[in-house]
Amino acid sequence: MPELPEVEVVRRGLERWVAHRTVADAEVLHPRAVRRHLAGADDFVQRLKGHRIGVPSRRGKYLWLPLADTDQAVLAHLGMSGQLLVQPHEAPAEKHLRIRVRFADALGTELRFVDQRTFGGLSLHDTGADGLPDVIAHIARDPLDPLFDDEAFHLALRRKRTTIKRALLDQSLISGVGNIYADEALWRSRLHYERPTATFTRPRTLQLLGHVRDVMNEALAVGGTSFDSLYVNVNGESGYFDRSLDAYGREGLPCRRCATPMRRRPWMNRSSYYCPKCQRAPRVTP
Ligand SMILES: [Zn+2]
């Protein structure tokens with residue numbers, strides 16, 4: 001599953017290669033890829049035709065292409081294996097090519113949505129005054145958003161009777177933090193994933209947010225990370241940040257701070273990786 005840095009890498013690629021181009025035609029090769037567009041494939045194609053793509057936007061892991069001079073945007077759901085590729089017209093069709101978008105210019109490239117497992121897709125949605133597609137209006141700002149409110153996040157954490165990793169993955173509190181970066185930021189902050197959020201002081205919250213931003217920015221600097229070999233960015237290059245991870249995927253390996261073997265525990269149908277010495281489990285209160 002791509003996380004925020006991967007999605008931002010794709011967004012930047014689209015901004016460079018697709019923004020400001022006018023759609024000449026589109027072709028839906030698999031109906032599942034537009035199943036979230038309830039009016040169907042023909043409607044999807046007709047609505048795109050003749051419209052200019054605006055500057056691609058992102059909130060958390062959600063990515064959309066505004067259609068200039070309309071109140072609509074194409075929302076991209078990358079799912080587990082979705083890729084947005086910009087390819088020369090003459091490049092052979094990928095085995096799992098689902099949607100093709102051609103442009104009314106002579107640049108010689110087209111946008112392709114390729115998805116092996118068909119969990120992802122594209123769909124058109126109305127946008128609100130803030131430009132956000134209506135179906136993601138409830139998603140909180142992400143920590144790389146200049147308008148993210150650290151103080152409001154801290155207060156919301158304190159109010160919420162939950163544990164810290166659940167809070168980090170709660171898209172209504174903070175968006176774009178997935179399992180990998182949550183484990184990384186918690187390791188850097190020396191916080192156990194089950195620590196109750198009600199115990200968080202303001203400095204602790206701010207320190208954690210700082211680490212969340214650092215791991216994301218470092219991933220962005222190297223082009224995003226992913227454990228899914230299917231993930232390829234908009235120009236077809238794989239992400240390769242995984243070697244720099246300190247916690248995620250390091251079960252049994254020595255902690256990079258104290259050399260204690262790292263542990264993995266099942267957590268909400270996923271895993272949590274942590275150092276049992278640096279990240280002490282909270283005491284259970286009766
Ligand atoms: Zn340690």
Side-chain angles (χ1 to χ4, degrees), residues 1-9 60-61 142-144 148 150 153-154 156-158 160-171 173-229 231 238-286:
M1 197 92 177
E3 297 211 30
L4 185 155
E6 285 86 347
V7 178
E8 175 59 16
V9 168
K61 300 179 219 177
D142 63 65
L144 298 188
F148 185 90
D150 290 12
F153 174 72
H154 173 66
L157 260 196
R158 292 291 306 249
K160 201 121 181 160
R161 301 280 153 192
T162 187
T163 49
I164 188 57
K165 190 168 168 184
R166 279 175 189 263
L168 285 177
L169 270 68
D170 181 340
Q171 304 282 301
L173 281 178
I174 181 170
S175 68
V177 184
N179 204 41
I180 297 176
Y181 297 119
D183 281 3
E184 292 301 304
L186 289 169
W187 181 83
R188 290 187 184 198
S189 306
R190 303 177 192 235
L191 291 171
H192 192 275
Y193 56 96
E194 298 278 30
R195 183 174 283 274
T197 55
T199 67
F200 271 58
T201 59
R202 188 170 281 108
R204 174 163 277 167
T205 302
L206 295 179
Q207 185 198 43
L208 176 60
L209 280 174
H211 286 307
V212 167
R213 290 181 175 122
D214 286 350
V215 291
M216 286 182 168
N217 281 321
E218 288 165 24
L220 260 178
V222 293
T225 178
S226 184
F227 279 80
D228 188 343
S229 59
Y231 171 75
S238 298
Y240 56 92
F241 186 58
D242 48 303
R243 282 186 201 172
S244 317
L245 296 178
D246 291 314
Y248 192 86
R250 299 196 71 244
E251 182 183 16
L253 295 172
C255 169
R256 293 204 166 116
R257 213 162 24 216
C258 75
T260 303
M262 299 286 289
R263 285 191 190 157
R264 176 174 67 90
R265 288 285 178 271
W267 183 83
M268 289 179 72
N269 299 320
R270 294 178 245 209
S271 293
S272 279
Y273 294 88
Y274 68 105
C275 170
K277 190 173 174 203
C278 297
Q279 298 166 269
R280 297 264 188 209
R283 280 199 205 108
V284 180
T285 44

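Count residues from 1 along the sequence. Just follow the structure's listing: the first ligand is 1, and inside any ligand the first atom is 1. Note that the structure is a prediction, hence the values are computed from the model and not measured.
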Is a salt bridge present between Asp142 and Lys61, judged by a nitrogen-to-oxygen distance below 4.0 Å? no
Is the cationic atom of Arg256 (NZ for Lys, CZ for Arg) positioned less than 6.0 Å from the six-membered ring centroid of Trp187 and within 45 degrees of its normal? no
My understanding is that only residues two or more places apart in sequence, or in another chain, count here; which of them pass side chain to side chain contact (heavy atoms under 4.5 Å, CB included) with Gln171? Tyr62, Ile139, Ser175
Within the 2.8 Å cut-off the protein N, O or S neighbours of the Zn ion (ligand 1) are Cys255 SG, Cys258 SG, Cys275 SG, Cys278 SG
Minimum heavy-atom separation for Cys275 to Cys278, with atom names? SG-N, 3.2 Å
For Thr205, what residues pass the side-chain hydrogen bond (donor to acceptor under 3.5 Å, both in side chains) criterion, not counting sequence neighbours? His154
Side-chain donor-acceptor pairs of residues 259-271 under 3.5 Å, sequence neighbours excluded:
from	atom 1	to	atom 2	distance (Å)
Arg264	NE	Glu251	OE1	3.0
Arg264	NH1	Ser271	OG	3.3

